[in-house]
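These notes concern the structure reproduced below.
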Amino acid sequence: MRRALLKNVLLIMIAFGVIGCAHIGGSGALTTYLDQEALSLADQKQYELSLYYIESGHYKSAREKLERLVIDNPNFPDAYNGLGVIHERRGRVTLAADYFLRAIQLNPNYDTAIKNYGVLMCYVTGGDGIISMAKDQYQTMVKSRLYSEAARCYLDNEKYQQATDALNKALQLDTDYADSYLIKAKLDYKLAQYESAESAIFHFNDLNGYTEESVRLALILAEKRGNQADIDRYKNILVEQFQMTK
């Protein structure tokens, strides 16, 4: 059952796009990567076709197209993420993790690859394995994402002290990564630290914008305080932005 869940998560995540075109690495050097729009029209079509092949289970055809893409476009992180999905589906988890990590190294804000890597490694090695990778010589932003995913893994497995330690390290490395604050809000809620959880969810929303998950958690926290104004506000956001019924 757990294996099936992992596959379903990866199936959903491959459809998401990248964010931005460049970032400043931990060393201060500018690292440029390509998003889909920067590819030639022919390569864009090949990439879209590879996604269709992945979702329809034609992994050999998808792999061949993606491998050609990375030869011509070695800084295109989506292709590495796609190859990671393919190899995970075929049971080659070590190679899959390598491809996901390559995508993250090119674009540390590539949420799809980050979560794909975190889900896979949490299943294979647990939070300890992700921490071990985070201690390697990666740029600061990559290390922060890995510590954040380790915290998510520990939280999912109810290892709250390890989650706290990993999350503190993630936030020390990068205070601007939104997902760290969402994980912190969920962890603080589990620990009944409601005021801290509210502060964390505020930071997440400020950096990322509302998601259904963040609004639902904010609503629960407002209900804990009995703040009717906030309760009404978050209920309205769920209705207006996420088409949820009151």
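The list of salt bridge (Lys or Arg N to Asp or Glu O under 4.0 Å) pairs with a residue in residues 189-206, not counting sequence neighbours, reads E198-R225. Residue pairs meeting the salt bridge (Lys or Arg N to Asp or Glu O under 4.0 Å) criterion with at least one partner in residues 154-171, sequence neighbours excluded, do not occur; the list is empty. For residues 128-144, the set of pairs meeting the salt bridge (Lys or Arg N to Asp or Glu O under 4.0 Å) definition, not counting sequence neighbours, is empty.
Annotation: side-chain hydrogen bond (donor to acceptor under 3.5 Å, both in side chains) contacts of Y59 (sequence neighbours excluded): R89. Qualifying side chain to side chain contact (heavy atoms under 4.5 Å, CB included) partners for V215, counting only residues two or more places apart in sequence or in other chains: Y210, Y234, I237, L238, F242. In this structure, the ring pair (Phe, Tyr, Trp, His ring centres under 6.0 Å) partners of Y189, at least two apart in sequence or on a different chain, are Y194. Looking at residues two or more places apart in sequence or on another chain, you find a side-chain hydrogen bond (donor to acceptor under 3.5 Å, both in side chains) between Q228 and D232. Taking the side chain to side chain contact (heavy atoms under 4.5 Å, CB included) definition, one finds that S40 meets it with A42, D43, sequence neighbours left out. Taking A113 as the reference, N81, A103, I104, Y110 meet the side chain to side chain contact (heavy atoms under 4.5 Å, CB included) condition, with sequence neighbours excluded. By the salt bridge (Lys or Arg N to Asp or Glu O under 4.0 Å) test, E212 is found to be paired with R216, residues two or more places apart in sequence or in another chain being considered. Under the rule for a side-chain hydrogen bond (donor to acceptor under 3.5 Å, both in side chains), Q193 has no partner lying at least two apart in sequence or in another chain. For the side-chain hydrogen bond (donor to acceptor under 3.5 Å, both in side chains) test, residues two or more places apart in sequence or in another chain that qualify with E67 are R63.
Atom-to-atom distance recorded for C153:SG and Q162:CD is 10.5 Å, nearest 0.5 angstrom. Between atom OG1 of residue T164 and atom CD1 of residue I183 there is a gap of 12.0 Å, rounded to the nearest 0.5 Å. The line from OH of Y117 to CZ of F100 is 10.5 Å long, rounded to the nearest 0.5 Å.
Counting only N and O atoms by type, the side chains of S214 and N205 include a donor and acceptor under 3.5 Å apart. For the residue pair S196 / D188, a side-chain donor-acceptor distance below 3.5 Å is found, with atom types taken as modelled.
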